[in-house]
Structure formats: structure tokens, C-alpha cells
Amino acid sequence: MRLILLGPPGAGKGTQAKVLMDAYGIPQLSTGDILRSAIAAQTPLGLEVKAILDRGDLVSDDIVNGIISERLDAEDCKPGFILDGFPRTIAQAESLDRMLADKGVSLDAVIEIKAETDELVKRVINRARESGTARGDDNEDVLRKRLGVYSEQTAPLVAYYADKQLLRTVDGMAPVEQVTAAIKSALGK
Ligand code: AMP
């Protein structure tokens with residue numbers, strides 16, 4: 001199964017991706033995790049993107065398209081994958097369409113996880129408290145910036161995938177297990 005999880009920071013994409021990964025035996029591809037690993041390892045890519053993540057901006061489409069294109073070629077993606085945090089712009093979505101067409105495969109669904117802004121802020125602030133300083137971008141100022149970037153650059157993907165009849169929307173305000181159940185039911189499995 002080939003899935004995209006779409007939603008603002010704090011909606012629960014990462015949490016649901018991990019549950020679905022176990023349920024369906026397919027990997028979670030998180031561009032945010034890959035970029036944070038590069039930063040932690042101080043690779044040239046990590047050094048290039050650190051300041052961008054810290055201020056809540058998006059890194060360039062070329063960088064994340066390159067990461068995903070390489071990742072999709074790996075053996076573990078043959079049975080499918082769960083994209084978490086990619087695509088985030090229409091240009092990335094178009095690029096993904098081309099990558100998948102080149103491989104002769106297609107997406108099964110795009111799951112939009114919706115939640116209210118106040119709840120997102122609460123969750124992300126809690127995540128920062130629980131994980132200490134693991135994420136430099138999980139503070140209220142940068143979060144507000146990321147939410148703004150989401151509505152400007154990523155929210156247009158909702159219409160993009162609705163047009164392709166791929167969009168399924170679930171209520172991300174519900175408890176984790178209920179969100180998982182809603183996703184499974186939307187997928188019909
Ligand atoms: P995330 O863990 O998905 O919230 O991503 C954390 C940060 O990584 C974002 O705020 C961006 O700076 C960067 N990032 C992750 N995925 C993308 C993407 N698809 N396009 C551009 N920037 C990204």
C-alpha cells in the first residue's frame with residue numbers, strides 16, 4: 001500500500017505512521033526525521049538545513065525530492081510506504097507523481113488528519129516538554145511559523161489530491177486508537 005499522511009504539525013502524522021507501519025508491514029518515510037538525522041550527524045546536508053528547520057521554514061523542493069527519490073528506490077519500499085511530511089508543496093507533489101509514474105506504481109490514498117489550531121499548539125508544546133530539547137522547532141514561536149507555512153504552502157495539497165479522488169479526511173482530534181481505526185476504515189482494510 002502506498003500512502004501519504006497529510007496534516008499540520010501536531011496532527012499525529014508521525015504517531016499514526018508508526019502504528020500503520022506495524023499494521024501493514026511497510027516503512028514510514030519521514031523527511032523531517034531524515035533531515036534531523038542529517039543535522040545530528042553533522043553531514044553536509046545537515047549543516048546546510050539546520051538553520052532552516054530551526055526557524056520553521058521549508059527546505060528546498062530539490063533537497064527533499066532528492067531524499068525521497070533515493071529512498072523510494074530501496075528494497076523495503078517495494079511492498080509500499082507511508083509518506084509522513086512529504087509532499088509539502090504542489091511542486092513536491094508533482095515531482096512525486098513523476099517518480100511514481102517512472103516506477104509504474106501509483107498512490108492508494110492520501111489521508112488528511114485534521115485538528116484545531118489550539119489543540120495542535122498544546123500537543124507540540126507538550127511534545128517539547130516530554131522530549132526535552134530533541135526538536136529545536138517545537139517551541140511556540142516556531143510552531144506558529146510552521147502552522148503558517150502549512151496553510152500557505154501545504155494546505156493546497158488537499159484540493160490537489162481531492163481532484164485525483166485520492167483524499168480521505170479523518171478527525172485528528174479523536175484519541176489515537178480512534179484515529180487509527182478511522183484511517184483503516186477509510187482504506188477499507
Ligand atoms: P516534520 O518533522 O515533518 O515536522 O518536519 C520538520 C521540518 O523539516 C519542517 O519544518 C521543514 O523545515 C523540514 N521539512 C520536512 N519535510 C519537508 C518537506 N517535504 N519539504 C520541505 N521541508 C521539509
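Ligands are counted one by one from 1 in listed order, and the atoms in each one are counted from 1 as well.
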**Student:** Not counting sequence neighbours, which residues clear side-chain contact (heavy atoms from CB on, under 4.5 Å) with Glu94? List them please.
**Tutor:**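 Ile90, Arg98, Tyr160.
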
**Student:** Look at atom NZ of Lys103 and say whether more than 12 heavy atoms of other residues, nucleotides or ligands are closer to it than 6.0 Å.
**Tutor:** yes

**Student:** Look up atom NZ in Lys184 and atom CD in Gln16, then write down how far apart they are to the nearest 0.5 Å.
**Tutor:**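 Answer rounded to 0.5 Å: 9.5 Å.
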
**Student:** Going by the rule side-chain hydrogen bond (donor to acceptor under 3.5 Å, both in side chains), which residues pair with Arg2 if we only count those two or more places apart in sequence or in a different chain?
**Tutor:** none

**Student:** Mind checking what residues have non-hydrogen atoms under 4.0 angstrom from ligand 1?
**Tutor:**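 Residues near ligand 1: Thr31, Gly32, Leu35, Arg36, Leu53, Asp57, Leu58, Val59, Val64, Gly85, Phe86, Arg88, Gln92, Arg135, Asp137, Arg146.
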
**Student:** Tell me, please, which residues at least two apart from Thr15 pass side-chain hydrogen bond (donor to acceptor under 3.5 Å, both in side chains).
**Tutor:**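 For Thr15, no residue satisfies side-chain hydrogen bond (donor to acceptor under 3.5 Å, both in side chains) once neighbours in sequence are set aside.
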
**Student:** May I ask you to check whether Arg123 and Asn126 show a side-chain donor-acceptor distance below 3.5 Å?
**Tutor:** no

